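Quick caveat: nothing in here was measured; it's all calculated off a predicted structure. Index from 1, following the sequence.
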Amino acid sequence: DWSSDVCSSDLIKLITGIIILACQLFLFQFLCYLIKVDSIFEKDDDNELQNISEKIDFTSCKKCNISRPKRAHHCRVCNKCILEMDHHCFSLNKCIGKNNYNYFIQYIIMVELNSCLAFWIALYVCINYYSEIKLFGIVKYGIIIFASFMSSCGLFFYLMFHLYLYLADLTTVEFLYPNLRRSEERR
């Protein structure tokens, strides 16, 4: 049987260990990302901010009716103002902002690495065990190879875009609406 021959090899044990390690790192990054607080101000904090608003340049949010620092934006989904809001991540149901942007980039890196790992493992198994895999197995591995390759490519470009934003000190909101940042700098 093909599965018993493959499972007993040392290479598959090594690959299994790498997958388990990658999954653990992925889960660790995911949990760190979820724990990080992303909201800059709640409506209850408005009174405290009125005292320091003379020292720091603040703007007023038309939706929350609170004072907020420059580069804070209101999220329509969370109904909060987020400092340096990048975007609202619907897959995680969380706003990406100043306090969790580094974790978000690490999260993208871990997902990209796991996607690449799945691609290379599936490709390795198909190439080395092609003659022993039945037609259904080839189709299954073909789908895995295609899906992991496409997700790796998409995640790579997504990661490069966010690294560019990070190095340029921009958010996705500021990138898409450049007049927004310029108007806040003039205030």
Would you compute the distance between atom [atom1] of [X] and atom [atom2] of [Y] and round it to the nearest 0.5 angstrom?
X      : Y      : atom1 : atom2 : answer
Phe175 : Leu170 : CZ    : CG    : 8.0 Å
Cys116 : Leu155 : SG    : CG    : 8.5 Å
Phe157 : Cys153 : CZ    : SG    : 6.5 Å
Met160 : Ile108 : CE    : CD1   : 10.0 Å
Ile82  : Asn99  : CD1   : CG    : 9.0 Å
Ile145 : Ser152 : CD1   : OG    : 12.0 Å

Is any side-chain heavy atom of [X] less than 4.5 Å from a side-chain heavy atom of [Y]?
X      : Y      : result
Glu174 : His73  : yes
Arg71  : Lys98  : no
Phe149 : Leu123 : no
Ser60  : Asn65  : no
Arg68  : His74  : yes
Asp86  : Leu165 : yes
Lys80  : Cys75  : no
Thr172 : Phe161 : yes

Next item on the list: Could you please spell out the steps behind the side-chain contact (heavy atoms from CB on, under 4.5 Å) verdict for Val77 and Phe90?
Entry: CA-CA 9 Å; Val77 178; Phe90 287 100; 3.8 Å; yes
Note to self: For Phe146, I'd like to know if atom CZ has over 12 heavy atoms of other residues, nucleotides or ligands within 6.0 Å.
What the structure shows: no
Notebook entry, point to check: Should we count OH of Tyr158 as having more than 12 external heavy atoms under 6.0 Å?
Noted result: yes
Notebook entry, point to check: Under a single-linkage definition using a 4.5 Å side-chain heavy-atom cutoff for Ile, Leu, Val, Met, Phe, Trp and Tyr, are Tyr101 and Tyr177 assigned to the same hydrophobic cluster?
Noted result: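 The answer is yes; both residues are in one hydrophobic cluster.
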Margin query: Hydrophobic clustering (ILVMFWY, side-chain heavy atoms < 4.5 Å, transitive) - are Tyr164 and Leu176 grouped together?
Written below: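 Hydrophobic grouping puts Leu176 with Tyr164.
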Next item on the list: Apply ring pair (Phe, Tyr, Trp, His ring centres under 6.0 Å) to Tyr166 and list each qualifying residue two or more places apart in sequence or on a separate chain.
Entry: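 Partners of Tyr166 by the ring pair (Phe, Tyr, Trp, His ring centres under 6.0 Å) criterion come out as none, since no residue qualifies.
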Notebook entry, point to check: Are any side-chain N or O atoms of Asn100 and backbone N or O atoms of Cys95, one a donor and one an acceptor, separated by less than 3.5 Å?
Noted result: yes
Margin query: For Ser148 and Ser115, which I'm curious about, is there any donor-acceptor pair between the side chains at under 3.5 Å?
Written below: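 Absent: no donor and acceptor within the cut-off.
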Next item on the list: Please report the shortest heavy-atom distance between Met85 and Val173, naming the atom on each side.
Entry: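 Smallest heavy-atom distance, with atoms named: O-CG2, 3.6 Å.
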Checklist line | Near-ring test His87/His162, centroid separation under 6.0 angstrom | finding: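 When the ring centroids of His162 and His87 are compared, they turn out to be within the sub-6.0 Å range.
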Note to self: For Ile109, give me all partners under side chain to side chain contact (heavy atoms under 4.5 Å, CB included), at least two apart in sequence or on another chain.
What the structure shows: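 With neighbours one apart ignored, the set is Ile105, Leu113, Leu159.
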Notebook entry, point to check: Quick one: salt bridge (charged side-chain N to carboxylate O under 4.0 Å, His left out) partners of Glu112, sequence neighbours excluded?
Noted result: none
